[in-house]
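One structure is given below, encoded as structure tokens.
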Amino acid sequence: MLSFYAMGISNALMKIKDKINNSAAKAGRNPDEIKLVAVSKTVELQRIIEAIKAGAVILGENRVQEAREKISAFKSQIPPSVPSPGKDGTIRKVEWHLIGNLQKNKAATAVQLFDLIHSVDSAGLAEELDRRAHKIDKIQRVLIQVKLSGETAKHGVPEKEFMKLLEKVTNMDNLRLEGLMTIPPFFEAPEKTRPYFRRLNHLADNVSGKGFTVNELSMGMSNDFEVAIEEGATMVRVGSAIFGERNY
Ligand SMILES: *Cc1c(COP(=O)(O)O)cnc(C)c1O
């Protein structure tokens, strides 16, 4: 497994950003349109802060409860905006994204915590998020998670139900649909995930042609983000290559 963690978080982040730039160049894409989601699930706050100081702007968490503790501790330690370590010194807001499966009974907490929810995969969940977002007067940014790998994937809306969910989410007052997300089955060889990424891109193209706004494609993890970028990813979710192997 690709991991640069032994170099330290800051060097690992630089290495990943280099690879993002190279893959973008290879695909003739502008690297600025590709956002790195640093997946910080199971990572303790001090190391997350180290990553933020080294330039991580988006943190990805997969469990609401774990994220809630971290985010509140984080807010008490660091202001919501941190100066960029980059050359321009601009102030950036740190974003927290929910990348894992969300249960309806945690929707209320999720809308309080997360800037973007990647894992909307049912009408019931979308309705609950819309209702909860309305209550706190928020427009919740969301992605629809699509299941492209048949029975092997637990979560995500099956392709045949996708259009219906897309229409539904698009029409909700307090949700703003920004794009699509997928998790292909794990393959040791990253090339094997390419067809899944390509399929999500085609799906997005297809519905864009019908007037839906699906600009973001959240796809690619430590093992295969370079392939995902070649296939059009605008958000890559990279955990272990930055923070090291997790224990589960
Ligand atoms: C854990 C996780 C990732 C990151 O996985 P790595 O292989 O550590 O990069 C990305 N996306 C989702 C949905 C995850 O749960």
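As the structure lists them, so they are numbered: ligands from 1, and atoms in each ligand from 1. Since the model is a prediction, treat every value here as computed from it, not as a measurement.
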With a cutoff of 4.0 Å, is Asn223 in contact with ligand 1, counting heavy atoms of the residue only?
no

Considering only heavy atoms of Ile183, which atoms of ligand 1 have at least one such atom less than 4.0 Å away?
13 (C)

Would you call Lys41-Glu66 a salt bridge at under 4.0 Å N-O?
no

Reference residue Val111; test side-chain contact (heavy atoms from CB on, under 4.5 Å); the match among Leu129, Val142, Asp130:
Leu129

Going by the atom numbers of ligand 1, which of them fall below 4.0 Å from some non-hydrogen atom of Arg237?
4 (C), 9 (O), 10 (C), 11 (N), 12 (C), 13 (C)

Answer yes when Arg131 and Glu128 have at least one side-chain N-carboxylate O distance shorter than 4.0 Å, and no when they do not.
yes

With heavy atoms under 4.0 Å as the rule, classify the contact between Lys41 and ligand 1 as side chain, backbone, both or neither.
side chain

Name the residue from Arg176, Lys35, Lys93 that meets the salt bridge (Lys or Arg N to Asp or Glu O under 4.0 Å) definition with Asp115.
Lys93

Could you tell me whether some N/O pair between Val238 and ligand 1 is separated by less than 3.5 angstrom?
no

Could you tell me which atoms of ligand 1, counted from 1 in the order shown, lie closer than 4.0 angstrom to a heavy atom of Gly239?
4 (C), 6 (P), 8 (O), 9 (O)

I'd like to check whether Ser240 has a polar contact with ligand 1, where a contact means an N/O of the residue lying under 3.5 Å from an N/O of the ligand.
yes

Is there side-chain contact between Asn215 and Glu178, with heavy atoms separated by less than 4.5 Å?
no

Within the supplied structure, the quantity of interest is the number of heavy atoms (other residues, nucleotides, ligands) at a distance under 6.0 Å from Lys192 NZ; does it exceed 12?
no

Can you tell me if Arg246 has a non-hydrogen atom under 4.0 Å from ligand 1?
yes

